[in-house]
Amino acid sequence: MNLLDRYVTRTSFADYDDLKKSYRVNVPERFNFGRDVVDEYARIEPNKTALVWCNDSGEERIISFKDVSENSNRIANALYKAGIRKGDAVMVMLMSRYEYWYTAAALHKLGAVLIPATAQLTYKDIIYRCNYASVKAIISVTAKGVGNYIEMALPQCPTVKKVLTIGKLSCSEDFYTFYKDARADGTDFEIDNLTSEPMLAYFTSGTTGMPKMVQHSHAYTLAHILTSFCWHDCKDGGLHFTAADTGWGKASWGKIYGEWFAGCAVFTYDYYGKYTPLDLLPLLEKYKVTSLCAPPTMYRFLIKEDLSKFDLSSIKHYTTAGEPLNPEVYRKIIEKLGHPIYEGYGQTETVLCLGTFPFMEPRPGSMGKPSPLYEVVLLDEHSQVIENDFCEGEICIKYNPDQIGLMIGYYNQDGNVRSVWQDGYYHTGDVAQRDKDGYYWFVGRDDDIIKSSGYRIGPFEVESALMEHPAVMECAITAVDDDVRGQVIKATIVLAKNYFPSDELKKELQEHVKHTTAPYKYPRIVEFVSKLPKTISDKIRHAEIREQDSKK
């Protein structure tokens, strides 16, 4: 069984129009995911599988909701005894260890603010986050060098009172020892929280400027029912995998909240060595994952490989988000796996804003149609709603006091809040077009749009054209200042296996773009690189490429 009927008014829909009109979430005044979902499953179906975990050392665990409930109680009780209280910020860097799920549920039960973070942070990143958020405790692995960075950072993090680690660290207490003897059958405290109170905070990827701290309330978990049940197509008794570290916002989209509401178990792979998407394929086959969400980067990698070696027939539904999906990648995945990819769009500040839902026809390269949680519009440069089809505008969400899933705000940054909230709309900063059937098509970040010889050129269209060429594994399109044209297009390209940089290949790729899209959109500058600069959440950092070029 699942808990969907308690929180949504409908669980089946005839088509998109029915979903948009009828989907509603019952939002209680008081709600706590740790108690009302984790503990409730432990009460009514304790042996129901919550998590299927394995790592690159060959270990595995099949974890029930009873396991999550009892271990989260132990952790919550131990943290409470150590002085962690409602509203305290706790930064968690546990990669994809199963203890992350125990810890997240524990912090929710406590009413503390969970701040997931990647173990790729440096000591400067840790100092910035701890001081900015007044972090009171850190719970972390020590692998991948993050333990050393914690030790280096702590003298400059005066608010941190407790450090718990999996792995030895001179400045920390062993996490297992810390909580193993605490009470498991309940909590030693009573916490009452409103659904509207803070529960979770993410630091953005920092694609522009310093990372901002995005705050979400307890209602954020309820909003992700749409993400997982309606978009990922998670089924009761199924096994869903989202390719994301727990330090990324995408983990909340596909590794805990919506899946567990739907009664769907979560699959996770915890790795510490060198990793490629091919490492995952035998695991998806072995554990019979039923739905998969992966970033375009992973799909771009997979289409260059022989997938016939793996039995992936258990996977019935594929999704992607984080960056737009190139149409060529979409077509190759259908050819190799027999299923389309259902694209979606959202931000750290939101849940799913636009989506191609299971009962919709996917259109390669389209993000889909607006989520029923939001009123999504395109605004022009004068903040006027664009009614006409095929006109570029900024993706914006109209304010509604009853909506859920949109951030509470940026912590301690009033200026940034004002910059994204204007005239009753939340401004995403992303530019798109809408076609005559209501599908949205990504053009680019507002600051990524290239203005060359009087033309406005979205980088995604040029990137998609390049991706159709077999030599291209990944690419990024950016602008370079030019005295004559204002800006010219530059392509930074990672080549596929068995292709090598040459002047002949540059010319071939330029001619390919000229014949695939409008000739004026071809890249006048082509640079071959071994890898593209990316954020910790694996998004291409176009801004860093522009910055590097400006220094040349």
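Please read all numbers here as calculations on a predicted model, not as lab measurements. Residue numbers count from 1 along this sequence.
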For K336 against I303, the heavy-atom pair lying closest together: CE-O, 3.0 Å

Sub-4.5 Å side-chain heavy-atom contact between L354 and Y439: no

Smallest separation among heavy atoms of T246 and A251, with atom names: CA-CB, 3.7 Å

Would you say K514 and E511 make side-chain contact, with heavy atoms under 4.5 Å? yes

Which heavy atom of A476 sits nearest to which heavy atom of E463, and what is that distance? CA-OE2, 3.4 Å

So, for A479 and R546, which heavy atoms are closest and what is the spacing to 0.1 Å? O-CG, 4.2 Å

Can you label the angle between the F442 ring and the F460 ring as parallel, tilted or perpendicular, going by 30° and 60°? perpendicular

Kindly assign one of parallel, tilted or perpendicular to the pair H469 and Y499, based on the angle between their ring planes and the thresholds 30° and 60°. perpendicular

Strictly distance-based, threshold 3.5 Å: is any side-chain N or O of D125 a donor or acceptor partner for the main-chain N or O of Y128? no

Between D435 and R363, does any side-chain N to carboxylate O distance fall below 4.0 Å? yes

Taking all non-hydrogen atoms of both residues, which atom of M213 and which atom of A201 are closest, and how far apart? CE-CB, 3.5 Å

Judged by modelled atom types alone, do N326 and S464 share a side-chain donor-acceptor pair under 3.5 Å? yes

Taking the side chain as every heavy atom from C-beta outward, state whether Y426 and V376 have any pair of such atoms under 4.5 Å apart. no

Does the side chain of E60 pick up a donor-acceptor pair with the side chain of Y287 at under 3.5 Å? yes

Keeping R434 on the side-chain end and I386 on the backbone end, is there a donor-acceptor pair under 3.5 Å? yes

Note, Y410 side chain near V214 side chain (heavy atom, < 4.5 Å): yes

Ring pair (Phe, Tyr, Trp, His ring centres under 6.0 Å) involving Y399 - partner list, sequence neighbours excluded: W421

Taking it one step at a time, do Y520 and Y522 satisfy ring-ring contact (aromatic ring centres under 6.0 Å, His included)? CA-CA 6 Å; Y520 66 86; Y522 86 94; 9.9 Å; no

Will you find, in the side chains of T517 and E461, an N or O donor that is under 3.5 Å from an N or O acceptor? yes

Note, S291 side chain near F241 side chain (heavy atom, < 4.5 Å): no

Under 4.0 Å between a Lys/Arg side-chain N and an Asp/Glu carboxylate O for E468 and R331? yes

Parallel, tilted or perpendicular: which fits the ring planes of H317 and Y342, with parallel below 30° and perpendicular above 60°? parallel

Any side-chain donor-acceptor pair under 3.5 Å between T319 and H232? yes

Does S366 use its side chain to pair, donor to acceptor, with the backbone of G368 at less than 3.5 Å? yes

Got a donor-acceptor contact below 3.5 angstrom from the K288 side chain to the I315 backbone? no

Does any non-hydrogen side-chain atom of Y272 lie less than 4.5 Å from one of M95? yes

E259 versus C234, closest heavy-atom pair with distance: CG-SG, 3.9 Å

Distance only, no hydrogens: is a donor on one side chain within 3.5 Å (strictly under) of an acceptor on the other, for Y23 and S371? no

Flag, side chain of R541 to backbone of A543, donor-acceptor distance under 3.5 Å: no

Within the 4.5 Å heavy-atom criterion, are W253 and T242 side-chain neighbours or not? no

Pairwise distance CG(L466) to CD1(I477) - rounded to 0.5 angstrom: 5.0 Å

Any side-chain heavy-atom pair from V266 and H240 closer than 4.5 angstrom? no

Between the side chain of T268 and the main-chain N/O of W53, is any donor-acceptor distance below 3.5 Å? no

Does Q487 reach the main-chain N or O of D481 with its side chain, forming a donor-acceptor pair under 3.5 Å? no

Going by the angle between their ring planes, with limits at 30° and 60°, are F357 and Y16 parallel, tilted or perpendicular? parallel

Report yes or no: do Y345 and D430 form a side-chain donor-acceptor pair below 3.5 Å? yes

N/O donor-acceptor pair under 3.5 Å between E394 side chain and G429 backbone: yes

Please answer whether the main-chain N or O of H512 pairs with a side-chain N or O of T516 as donor and acceptor at a distance below 3.5 Å. yes

